[in-house]
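Below: one structure, written as C-alpha cells.
For this chain, numbers begin at 1 and follow the sequence in order.
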Amino acid sequence: REELPSWVASLVESLTTDHVTSSGCFRRIFVRCAGLTAEQEFYRGGWDNTGPNNLFYGLLLGGDREEEEEEEEEEEEEEERGDKGPDNEGGAGSFLRSSYDFMLWHETDVFAVRRGWAERVVEECRYPRGFWRKGPSQMPLMGSTSMVATHHYHMNTAGIYRLDPCFLDLLRAVRREFPRAPPDAMLHAFLHEPERFRNFQRYGHKFHYTDLMQNWLSEWTEETVLAHSPNTVLVHGKHR
C-alpha cells in the first residue's frame, strides 16, 4: 500500500484521536488516494478543469471508460469465483457506490459558519425523497444583468449528491461529451440544450437549489452570508 504523505497521516491521526472535536461528526475516517499522474493533475482553470475533473469523476464513477470496463470485467470474474468481498471491490467509485447512498462534495475552500452543520446535511439528505442534487447558486447578487450568461445559472459542484445509478449514468454522459470542462456548468448546459429538453422534463425536478451552502465568488463574512439566509451552515468561497 502506498504510504500517505506526512500531512495527510497527521490529519487522519488528529481526526481519529481527538474525540472532543471529531467523534460527534465522523464515525469513521477513510483516506483514498486518487493516484493521479502529473498529467492527470493538470489544472489551468477556466474551461480546462482536467485535474479537478479526474478527482471528481474518479471518486463518483471510477477512472476513464476503459478502466470502468476493466473493473466491471474483474467484478464479474470475482462474482463467478465467489470471492468478491469488501476488500476487493474495485476502485474508489465502486467503494463509494457500494457503501453509501449520498455524498457531500466540498473542496478545501468550504467553511462551516454554524454549529450543527453535519446534522443539517443529514436532514437535507432525507427530504424530499428522490432528489439527485442539492447545491448553491452563485453569489453575491449581481448589480448588473448585462453580464449574465447561461452558465451563471448553474448549480455549483459543492453540495449533496445522491448516488443513484441513473444520475451516475447522466454524469457519465456529461463526462463523455465535455471531458475537460467544469462538470457543474456542463451538467447544466447538458440538460438545457434544446435537443435534450425531454431529459430536462424527465429529470429537472431532481435538482434542488438550496441555502444549505452558499457559493461566494467575492469576499464574504459570516454576517453577509447569514443576512442572505440564516439557514446557511456552509460557505464555498476562498475570499473570506
Side-chain angles (χ1 to χ4, degrees), residues 7-8 11-12 14-15 18 20-27 29-31 34 43 45-47 49 51-53 55-57 59-60 96 100-128 131-145 147-163 167 171 181-189 206-240:
W7 69 270
V8 176
L11 175 62
V12 173
S14 67
L15 287 173
D18 187 356
V20 174
T21 59
S22 63
S23 62
C25 295
F26 308 107
R27 184 171 55 187
I29 306 292
F30 298 98
V31 176
Y43 178 51
W47 293 104
N49 207 53
N53 280 12
L55 287 171
F56 177 78
Y57 288 130
L59 182 62
L60 277 168
L96 189 70
Y100 299 98
D101 297 318
F102 299 92
M103 179 186 77
L104 173 66
W105 175 268
H106 63 83
E107 298 159 4
T108 55
D109 56 349
V110 170
F111 305 91
V113 293
R114 300 287 292 273
R115 293 182 180 274
W117 64 268
E119 290 81 359
R120 175 70 187 284
V121 170
V122 172
E123 175 190 334
E124 292 285 347
C125 289
R126 289 175 175 162
Y127 310 104
F131 77 90
W132 283 354
R133 278 281 285 121
K134 285 189 177 184
S137 58
Q138 177 180 308
M139 294 294 290
L141 299 176
M142 279 194 171
S144 171
T145 58
M147 299 293 291
V148 175
T150 300
H151 73 271
H152 285 119
Y153 290 90
H154 77 265
M155 183 184 298
N156 187 259
T157 310
I160 299 173
Y161 294 73
R162 180 188 294 271
L163 304 180
F167 174 54
L171 287 182
D184 49 3
M186 292 302 98
L187 178 58
H188 180 87
K206 293 182 176 291
F207 295 82
H208 294 229
Y209 289 94
T210 176
D211 58 358
L212 163 75
M213 181 186 297
Q214 292 184 31
N215 174 45
W216 280 74
L217 304 185
S218 64
E219 290 186 4
W220 61 272
T221 64
E222 183 175 334
E223 288 74 22
T224 56
V225 166
L226 297 181
H228 178 69
S229 174
N231 294 318
T232 297
V233 295
L234 297 166
V235 177
H236 175 219
K238 58 178 64 69
H239 306 293
R240 60 183 307 203

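The backbone N or O of T157 lies less than 3.5 Å from a partner atom in the side chain of D184, making a donor-acceptor pair. Side-chain N or O atoms of H152 include one that pairs as donor or acceptor with a backbone N or O of A149 at under 3.5 Å. Side-chain N or O atoms of R240 include none that pairs as donor or acceptor with a backbone N or O of D109 at under 3.5 Å. In this structure, N156 contributes its side chain and Q138 its backbone to no donor-acceptor pair below 3.5 Å.
Between E107 and H236 there is a side-chain heavy-atom pair separated by less than 4.5 Å. With a 4.5 Å cut-off on side-chain heavy atoms, W220 and H228 do not count as touching. Between L234 and F111 there is no side-chain heavy-atom pair separated by less than 4.5 Å. Side-chain contact between F131 and F102 is present, with at least one heavy-atom pair separated by less than 4.5 Å. Put simply, the side chain of W117 reaches to within 4.5 Å of the side chain of L104, judged on heavy atoms. P128 has its side chain within reach of H208: a pair of non-hydrogen atoms, C-beta onward, lies under 4.5 Å apart. Between V148 and Y153, some side-chain heavy-atom pair lies under the 4.5 Å cut-off.
Atom CD1 of I160 is separated from atom NE2 of H106 by 11.0 Å, given to the nearest 0.5 angstrom. The line from OG1 of T232 to CD of E222 is 11.0 Å long, rounded to the nearest 0.5 Å. Note: M155 CE to L187 CG = 8.5 Å, rounded to the nearest 0.5 Å. How far CD of E124 is from CG of N231: 9.0 Å, rounded to the nearest 0.5 Å. Note that CE of M103 is 4.0 Å distant from CG of L60, once rounded to the nearest 0.5 Å.
Contact detail for N215 and S137: the closest heavy-atom pair is CB-O, 3.3 Å. Scanning both residues, R162 and F167, for their nearest heavy atoms gives O-CD2, 3.4 Å. Scanning all heavy atoms of the two residues, the minimum distance from N49 to P183 falls at ND2-CD, 3.7 Å. Here the shortest heavy-atom pairing between H239 and L217 reads CD2-O, 3.3 Å. Residues L171 and Y57 approach most closely at O-CE2, 4.0 Å, considering heavy atoms.
Using a cut-off of 4.0 Å between Lys/Arg side-chain N and Asp/Glu carboxylate O, D101 and R126 are scored as not salt-bridged.
Partners of R133 under the salt bridge (charged side-chain N to carboxylate O under 4.0 Å, His left out) rule, at least two apart in sequence or in another chain, do not exist in this structure.
Summarising the local packing, OH of Y209 is surrounded by more than 12 heavy atoms from other residues, nucleotides or ligands at distances under 6.0 Å.
A distance below 6.0 Å separates the ring centres of W105 and F56.
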